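Only a predicted model underlies this, so the values are computations on that prediction, with no experimental measurement involved. Counting starts at 1 for both ligands and their atoms, in listed order.
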Amino acid sequence: MASDNSGYRLILPVPMYHNDFNIWSVLKNCIGKELSKITMPVVFNEPLSFLQRMTEYMEYAHLLRIATEQSDPITRLQYVTGFAVSALASNWERLGKPFNPLLGETFELEREEFRIICEQVSHHPPISAFHAEARNKEWTFHGSIHPKLKFWGKSVEIQPKGVVTVYFSKWNEAYSWTNVQCCVHNIIAGKLWMEQYGNMEIINHSTGYRSNLTFKQAGSNSKDLHRIEGYLLDKSKRKLFYLYGKWTEFLKCVAHHTYEEYQKENSVKCKRDRDGETRSKSPNDSPSHTPRKVLQKLNSLKVSAFKSSTTQESMDESLSPDMCEGDIPKSDSTYSINIPNSFTIWTVNPRPPNCEDYYQFTSFAMSLNEINQGMQKTLCPTDSRLRPDIKKLEQGDIDGAAIEKTRLEEKQRDACKQRKCKKGDWSPRWFKFEMNPYTKQEDWLCNGEYWNRQYIEEDDIF
Ligand code: CLR
């Protein structure tokens with residue numbers, strides 16, 4: 001099986017099954033509901049648990065190492081900002097639903113520079129906690145995510161509630177931020193696509209310096225698709241650097257005064273650009289980069305689906321310009337990407353060549369469900385890699401995966417009932433809910449025991 005020099009697999013055992021199920025037919029009765037309570041058919045899943053998906057924040061962990069190596073706090077903040085943005089890049093075109101982790105499920109990952117442990121610490125509401133640390137102990141990165149999914153008819157809105165914190169021991173510095181929201185469009189008709197938007201403020205709690213980023217919405221003609229823009233500010237909110245990029249591609253920064261000069265010089269040209277005279281496509285946004293074929297097939301099914309089941313009102317909505325058939329937003333990628341004297345903080349890794357047949361996984365994602373040699377003996381029995389439903393989907397056995405998924409969910413419900421009978425509360429094994437000393441808010445902090453690998457008392461959750 002193909003793998004890179006570091007020996008991790010770069011592809012899944014079999015290509016995915018491109019189904020032609022209609023998401024709308026499943027969701028049409030669920031408008032306004034919390035999506036965590038809706039059981040979705042396994043064909044909409046990708047073969048990863050949300051704990052593994054969360055671990056994808058770590059793909060560019062080297063940025064944290066580089067940050068700790070900088071003696072200037074502003075440069076450190078630039079790299080932390082790069083890391084915060086890079087953590088979201090793997091979401092591009094990833095429209096499969098990760099499996100909901102079972103209560104007490106864990107996921108660990110050990111790599112050259114870091115190790116991370118995740119645990120599902122709550123089921124209702126679903127909360128996943130993680131704690132990552134550098135091998136050289138120079139940084140830690142921890143937090144918890146409570147993804148709130150809301151279905152609005154033509155779109156699904158996802159709010160990843162929870163704060164994440166980076167700590168640099170050498171500098172005794174803590175940074176924290178909250179992830180932006182995300183929206184999956186075209187549930188009823190057209191091709192699914194996703195955007196992430198909102199504000200992200202990355203604060204250095206020791207110096208008061210911060211990066212204030214805006215993730216833009218695509219906008220009417222998609223000119224701002226995937227774009228981010230913002231400023232690095234000192235504690236009196238003075239602008240030091242202008243930050244710009246796309247969460248799918250890169251993050252750059254430039255001194256604020258240079259940006260201001262550039263703006264003045266280019267104001268005329270810019271206006272022309274904005275008016276759409278010089279428009280070009282970036283390869284990333286081009287429709288030739290097809291998302292899951294599954295979803296294209298929705299096109300053919302859409303008319304009947306929505307005729308039979310929507311009101312006039314929602315029908316008007318679904319005919320709005322951003323819902324046109326075959327619609328994948330394209331953006332003008334050229335403006336403000338080449339401001340002179342900019343410095344590139346982060347650029348995205350290319351996706352593997354056949355990723356459209358593998359759930360649009362990045363190379364990093366491809367490796368996550370692999371059980372490497374040597375791992376077998378040490379792996380915690382609650383690890384996501386041991387989940388039979390995910391394993392079956394990964395091997396292309398959809399029916400088997402569906403059966404196992406139902407079995408595991410029933411088993412989880414039974415365990416929950418039993419606990420209620422015994423009046424015994426469940427509590428997470430590796431995390432505790434405590435005050436985060438940096439943000440002064442309650443947070444899931446790891447108890448530091450996982451890596452001692454004493455797993456004898458673990459519940460049998462699979
Ligand atoms: C986005 C980045 C956040 C954490 C986070 C939480 C929930 C994830 C979301 C991310 C990406 C999109 C996601 C979502 C859960 C379900 C949703 C994977 C990783 C998928 C695309 C929903 C597919 C099913 C619908 C089409 C019905 O920091």
* Given that the side chain starts at C-beta and the backbone is N, CA, C, O, which of these parts of P98 lies under 4.0 Å from ligand 1, counting heavy atoms, or is it both or neither? -> side chain
* Asked: How does I158 reach ligand 1, if at all, at less than 4.0 Å between non-hydrogen atoms: by side chain, backbone, both, or neither?
  ->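 The answer is the side chain.
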Could you check whether any side-chain N or O of [X] sits under 3.5 Å from a backbone N or O of [Y], counting only pairs where one atom can act as donor and the other as acceptor?
{"X": "R9", "Y": "M366", "answer": "yes"}
{"X": "N204", "Y": "T207", "answer": "yes"}
{"X": "R351", "Y": "Q360", "answer": "yes"}
{"X": "R76", "Y": "E173", "answer": "no"}

Between [X] and [Y], does the ring centroid distance fall short of 6.0 Å?
{"X": "W430", "Y": "Y450", "result": "yes"}
{"X": "F433", "Y": "W444", "result": "yes"}
{"X": "Y60", "Y": "W346", "result": "yes"}
{"X": "F50", "Y": "F99", "result": "no"}

* Within 45° of the six-membered ring axis of F250 and under 6.0 Å from that ring's centre, is NZ or CZ of K252 located there? ->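 Yes.
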Measuring from the heavy atoms of [X], does anything fall under 4.0 Å of ligand 1?
{"X": "L27", "value": "yes"}
{"X": "M54", "value": "no"}
{"X": "F151", "value": "no"}
{"X": "M40", "value": "yes"}

* Per-atom contact, atom 19 (C) of ligand 1, protein heavy atoms, under 4.0 angstrom ->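 There is a protein heavy atom less than 4.0 Å from atom 19 (C) of ligand 1.
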* Minimum-distance pair of heavy atoms, taken over all atoms of E119 and L51 ->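 Smallest interatomic distance, heavy atoms only, reads C-CD2, 4.0 Å.
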[atom] [closest protein heavy-atom partner, distance rounded to 0.1 Å]:
{"atom": "atom 1 (C) of ligand 1", "result": "N91 ND2, 3.6 Å"}
{"atom": "atom 11 (C) of ligand 1", "result": "R53 NH2, 3.8 Å"}
{"atom": "atom 16 (C) of ligand 1", "result": "L149 CD2, 3.7 Å"}
{"atom": "atom 26 (C) of ligand 1", "result": "I23 CD1, 3.5 Å"}
{"atom": "atom 23 (C) of ligand 1", "result": "L95 O, 3.6 Å"}

* Aromatic plane relationship, F130 with Y57 - under 30° parallel, 30 to 60° tilted, over 60° perpendicular ->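 Taking F130 first and then Y57, their aromatic rings stand perpendicular (interplane angle over 60°).
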Give the atom numbers and elements of ligand 1 that come within less than 4.0 Å of a heavy atom of [X].
{"X": "L88", "answer": "2 (C), 28 (O)"}
{"X": "N179", "answer": "28 (O)"}
{"X": "P147", "answer": "6 (C), 7 (C)"}

* Asked: Mind checking whether Y57 has an N or O less than 3.5 Å away from an N or O of ligand 1?
  ->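 Yes, since at least one N or O of Y57 sits under 3.5 Å from an N or O of ligand 1.
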* Closest to atom 5 (C) of ligand 1 among F50, W24, F44 (heavy-atom distance) -> F50
